[in-house]
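Structure first, then comments.
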Amino acid sequence: YLNFLYKTMSSISFMSKKITFSAFGRDSYYHRDWFKKFGFKFDRSSKKWIVNNLPIENAEEFASYCRKYGLTFERSIPG
């Protein structure tokens with residue numbers, strides 16, 4: 001039973017969940033080329049760079065970039 005449970009949980013963890021990732025901050029304008037390179041769009045109403053349907057595996061890479069340059073970020077699961 002435990003072996004089955006382990007295999008089931010492992011397969012679930014490999015399923016790619018999609019999230020919305022947004023980044024913002026006073027200096028985010030200076031990173032616009034990096035944001036555009038990875039499919040972010042600037043939302044003028046919220047003043048945030050946003051990418052939808054991002055595989056959750058990529059979120060930590062983007063979060064590290066934001067931390068490195070002092071940008072604020074948010075991750076959320078749509079729905």
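Heavy atoms only: backbone and side chains are in, while hydrogens, waters and symmetry mates are out.
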*Under the side chain to side chain contact (heavy atoms under 4.5 Å, CB included) rule, collect the residues that match up with F42, sequence neighbours excluded.*
R44, K47, W49
*Any idea how F21 and F62 line up, ring-wise: parallel (<30°), tilted (30 to 60°), or perpendicular (>60°)?*
perpendicular
*Applying the 4.5 Å side-chain criterion to the ILVMFWY set and letting contacts propagate, would Y69 and I50 be lumped into a single cluster?*
no
_Check ion pair E74-K48 (N to O, under 4.0 angstrom)_ = yes
*Quick check: are there more than 12 heavy atoms from other residues, nucleotides or ligands sitting under 6.0 Å from OH of Y29?*
no
*Report the distance from atom OG of S64 to atom CZ of F73, rounding to the nearest 0.5 Å.*
8.0 Å
*Drop me the distance from F35's CZ to K37's NZ, to the nearest 0.5 angstrom.*
13.0 Å
_I need the N52 CG to S22 OG distance, nearest 0.5 Å._
9.5 Å
*How long is the span from the CZ atom in R67 to the OG1 atom in T72, to the nearest 0.5 Å?*
11.5 Å
*Is the shortest side-chain N to carboxylate O distance from R75 to E60 below 4.0 Å?*
yes
*Should the pair Y65 and W34 be assigned to parallel (<30°), tilted (30 to 60°) or perpendicular (>60°) ring geometry?*
parallel
*Would you give the length of the straight line joining atom OG1 of T20 to atom CG of L54, rounded to the nearest 0.5 angstrom?*
8.5 Å
*Heavy-atom side-chain contact between I56 and K18 under 4.5 Å*: no
*asked:* Within this structure, what is the CD1-CG distance for the pair I19 and N53, rounded to the nearest 0.5 Å?
replied: 10.5 Å
